[in-house]
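Please read the structure below before turning to the comments.
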Amino acid sequence: MKAIIFNGSLERRTESTSGLISAYISEQLDALGIRTEIFTLADSGIPLFDVILTKPPLTVERMTQLFQDADLHFWLAPLYHGSIPGVMKNCLDWLEVTANSYEPYLTDKTIGLVCWADGLQAMQGINTMDTIAKSLRAWPLPFSVPILKNSLFSSENPKQISAFYTDKLDKLISIAATKKIENR
């Protein structure tokens, strides 16, 4: 089984919010024997979506191949002005180049959604990603992780995800890996 962690933030530092969440999810998936790749949007070189190009750029070909090869997706995004970052949506728009494939877009992929915000509005980002995933023919999980950023990290160690959120992320990973919802 293959998984991709789509880091839709423009943060590049490994100790950033998106870097720490990506690393945590990756470690948990690795422990389950699931091959994982982190796709960091900030380092991807994905250009603005251009419908008139006759051949997509190599960065887009690589991205679409990674996204289509992965069985599981985890999409991570900060909430910016009520939604996910525009560059994240732009990246997903490039999946249009797969429209004529046998299984276009993200047909039947399982997607776990994580969004964080400074206030209590992270669910808006989850809803946006849910709508995008469904329109790309994917299956968003019935459990997602909206995060209140000031509660994300442990008060003793600001680089460690709090027990409250590790429990939630672990549940998301478990559901994605087993396709079962179990009481914990």
Side-chain angles (χ1 to χ4, degrees), residues 1-14 16-19 21-23 25-26 29 34-118 121-147 149 172 176 179:
M1 185 177 291
K2 289 184 191 176
I4 187 167
I5 299 168
F6 178 24
N7 177 350
S9 170
L10 289 177
E11 299 175 297
R12 284 190 163 93
R13 300 169 295 118
T14 55
S16 67
T17 299
S18 61
I21 295 171
S22 295
I25 293 173
S26 180
L29 292 169
I34 298 171
R35 289 183 297 151
T36 305
E37 180 152 351
I38 298 173
F39 182 84
T40 303
L41 187 55
D43 297 328
S44 69
I46 300 295
L48 290 175
F49 180 57
D50 188 346
V51 294
I52 60 170
L53 289 180
T54 55
K55 181 165 175 32
L58 287 176
T59 54
V60 170
E61 288 180 5
R62 180 182 179 275
M63 181 272 300
T64 56
Q65 192 66 51
L66 284 171
F67 278 50
Q68 288 192 312
D69 286 349
D71 305 296
L72 304 175
H73 287 229
F74 293 88
W75 292 0
L76 318 178
L79 189 74
Y80 290 158
H81 310 289
S83 190
I84 63 172
V87 294
M88 183 177 186
K89 174 67 167 67
N90 175 72
C91 183
L92 292 166
D93 286 343
W94 273 107
L95 289 166
E96 187 61 29
V97 301
T98 68
N100 294 323
S101 301
Y102 174 69
E103 290 188 332
Y105 313 112
L106 299 177
T107 301
D108 292 331
K109 303 299 180 186
T110 299
I111 303 186
L113 306 173
V114 179
C115 184
W116 58 93
D118 288 330
Q121 303 302 315
M123 200 62 205
Q124 288 179 241
I126 299 286
N127 290 337
T128 298
M129 291 187 287
D130 181 82
T131 299
I132 294 167
K134 287 174 180 170
S135 61
L136 291 170
R137 303 179 185 177
W139 296 96
L141 293 172
F143 180 84
S144 57
V145 184
I147 297 171
K149 192 172 173 190
L172 180 70
K179 307 260 191 325

So does A23 get a backbone contact from the side chain of S26, meaning a donor-acceptor N/O pair under 3.5 Å?
no
Applying side chain to side chain contact (heavy atoms under 4.5 Å, CB included) to L10 and not counting sequence neighbours gives A42, V87
Let me see the working for I147 and I21 under side chain to side chain contact (heavy atoms under 4.5 Å, CB included), right down to the final yes or no.
CA-CA 11 Å; I147 297 171; I21 295 171; 4.0 Å; yes
Has the side chain of S18 got a donor or acceptor atom that lies under 3.5 Å from a matching backbone atom of S16?
no
Short N-O contact, K55 and E61, less than 4.0 angstrom
yes
Residues in side chain to side chain donor-acceptor pair (under 3.5 Å) with D69, at least two apart?
Q65
Tell me every residue that passes salt bridge (charged side-chain N to carboxylate O under 4.0 Å, His left out) with D50, counting only those two or more places apart in sequence or in another chain.
none
Partners passing side chain to side chain donor-acceptor pair (under 3.5 Å) against Q124 (at least two apart in sequence or in another chain):
none
Worked verdict on L95 versus T64 for side chain to side chain contact (heavy atoms under 4.5 Å, CB included):
CA-CA 6 Å; L95 289 166; T64 56; 3.8 Å; yes
Counting N and O atoms only, with roles assigned by atom type, does the side chain of Q68 sit under 3.5 Å from a partner on the main chain of L106, one being a donor and the other an acceptor?
no
I'd like to check P85 versus S9 (side-chain heavy atoms, cut-off strictly below 4.5 Å). Are they in contact?
no
Shortest non-hydrogen contact from V60 toward P47
CG2-CD, 3.9 Å
According to side chain to side chain donor-acceptor pair (under 3.5 Å), who are the partners of W75, at least two apart in sequence or on a separate chain?
H73
Restricting to non-hydrogen atoms, name the atom on I5 and the atom on L76 that form the minimum distance, rounded to 0.1 Å.
CG2-CD1, 3.6 Å
Does the side chain to side chain contact (heavy atoms under 4.5 Å, CB included) test come out yes or no for T40 and R12, once each step is laid out?
CA-CA 8 Å; T40 303; R12 284 190 163 93; 5.6 Å; no
Output, in order, the C-alpha distance, side-chain angles, deciding distance and verdict of side chain to side chain contact (heavy atoms under 4.5 Å, CB included) for K89 and I132.
CA-CA 8 Å; K89 174 67 167 67; I132 294 167; 3.6 Å; yes
Could you measure the distance from the CZ atom of F67 to the NZ atom of K109? Nearest 0.5 Å is fine.
11.5 Å
Acceptor/donor pairs from residues 136-146 side chains to any protein atom, 3.5 angstrom cut, sequence neighbours excluded:
{"from": "W139", "atom 1": "NE1", "to": "D108", "atom 2": "OD1", "distance (Å)": "2.9"}

Quick check against the 3.5 Å criterion: does N7 have a side-chain atom that pairs as donor or acceptor with the backbone of L41?
no
Student check: side-chain heavy atoms of M63 and T59 closer than 4.5 Å
no
Heavy atoms of K2 and I34 approach each other most closely as C-CG2, 4.2 Å
Taking side chain as C-beta onward, heavy atoms only, is M1 less than 4.5 Å from L72?
yes
